[in-house]
Amino acid sequence: MANDQEKEAAARASLKYVKEGQVVGLGTGSTAAFFIRLLAEQVKNGLRIRGIPTSVRSREMAEELGIPLTTLDECQEIAVTVDGADEVDPQLRLIKGGGGAMLREKIVASATKQLVIVADASKQVSVLGKFPLPVEVIQFAQALVAKRITKLGAQVSVRKAADGNPYVTDEKNHILDCHFGKIPDADGLARELSEMPGVVEHGLFIGMASVVLFARGNEIVELRK
Ligand code: 5RP
């Protein structure tokens with residue numbers, strides 16, 4: 001698939017940001033998975049790094065591929081994290097959480113000096129919001145939070161797992177996918193959601209990305225803060 005080629009190309013371009021001896025945040029999703037595979041090859045070739053995965057999925061993958069890992073308990077400063085995104089706007093604001101891991105992803109990003117986002121060209125947008133914004137909620141508060149977000153103008157649905165039951169995150173919460181269409185004031189919405197009781201985290205990443213690497217065909221476009 002053309003998209004997969006772009007995802008791999010973007011992931012490959014991010015390798016130059018990873019240096020010997022660093023602690024590296026390992027993102028989640030199909031583009032981040034390309035990065036984890038490529039990083040594992042470099043580790044096999046002698047690169048010494050330690051990874052902090054942003055999900056159980058990425059941890060299992062990194063373990064299988066032989067990437068040495070550490071944890072936030074052992075290390076609270078991460079030099080570089082490479083992760084994917086669902087949408088990126090011209091201010092490098094992101095929607096993340098399509099893969100359901102935005103809570104740990106945001107925690108890792110917040111402890112990271114340089115957050116490098118890797119994406120295929122389809123993720124570049126002028127205004128965020130076409131992709132439904134994931135909001136992780138405490139199960140107890142799910143209906144109440146859904147009602148409040150609906151009042152903000154979104155169509156809200158509870159994310160379902162393959163078996164038809166609500167999708168359960170690594171931290172045992174549920175996800176509301178909030179279809180806004182367009183989010184004209186992403187900063188304001190981010191603040192509003194963060195203040196809503198019952199919301200654990202939302203997928204708006206504002207002011208966090210240092211670099212975005214988009215692959216468009218064979219070309220890599222690099223955007224910086
Ligand atoms: C997971 C994420 C992913 O990074 C995002 O969904 C992009 O995924 P993909 O690279 O598969 O398109 O935020 O929570």
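All ligand and atom numbering here is 1-based and tracks the order in the structure. This one's a predicted model, so the numbers in the text were calculated from it and none came from an experiment.
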Subject >> Numbering as shown, the atoms of ligand 1 that approach G84 to under 4.0 Å (heavy-atom distance) >> reply: 4 (O)
**OP:** Mind checking whether A119 contacts ligand 1 via backbone (N, CA, C, O), side chain (CB onward), both or neither, at a 4.0 Å heavy-atom cut-off?
**Re:** neither
Original post:
Where is the nearest protein heavy atom to atom 5 (C) of ligand 1: which residue, which atom, and how far?
Top reply: D86 OD1, 3.2 Å
Original post:
Can K123 be said to sit on top of F214's aromatic six-ring, NZ or CZ under 6.0 Å from centre and within 45° of the ring axis?
Top reply: no
Original post:
Is the shortest distance from a Lys or Arg side-chain nitrogen in E136 or K106 to a carboxylate oxygen in the other one below 4.0 Å?
Top reply: no
Original post:
Could K7 and F34 be counted as a cation-pi pair, given that NZ or CZ must be under 6.0 Å from the ring centre and within 45° of the axis?
Top reply: no
Original post:
Would E8 and R12 pass as an ion pair if we require N to O under 4.0 Å?
Top reply: yes
Original post:
Quick one: nearest non-hydrogen protein atom to atom 10 (O) of ligand 1, plus distance?
Top reply: T31 OG1, 2.5 Å
Subject >> Close approach of G97 to ligand 1, heavy atoms, under 4.0 angstrom >> reply: yes
Subject >> Atoms in ligand 1 with a heavy atom of G99 nearer than 4.0 Å >> reply: 1 (C), 2 (C), 6 (O), 14 (O)
Subject >> Subset of ligand 1 atoms that lie under 4.0 Å from at least one heavy atom of G100 >> reply: 14 (O)
Subject >> Contact check, side chains of R93 and L128, non-hydrogen atoms, under 4.5 Å >> reply: yes
Original post:
Nearest protein heavy atom to atom 12 (O) of ligand 1, by residue and atom, and its distance?
Top reply: K123 NZ, 2.7 Å
Original post:
Of L133, V137, V199, which is the lone residue that meets side-chain contact (heavy atoms from CB on, under 4.5 Å) with L176?
Top reply: V137
**OP:** Measure D120 to ligand 1 on non-hydrogen atoms and call it side chain, backbone, both or neither using the 4.0 Å cut-off.
**Re:** neither
Original post:
What protein heavy atom is closest to atom 3 (C) of ligand 1, reported as residue, atom name and distance in Å?
Top reply: T28 O, 3.2 Å
Subject >> Sub-3.5 Å N/O-N/O distance, A101 and ligand 1 >> reply: yes
**OP:** Specify the closest pair of heavy atoms between S126 and P90, including all atoms of both residues, with the distance to one decimal.
**Re:** O-CD, 3.4 Å
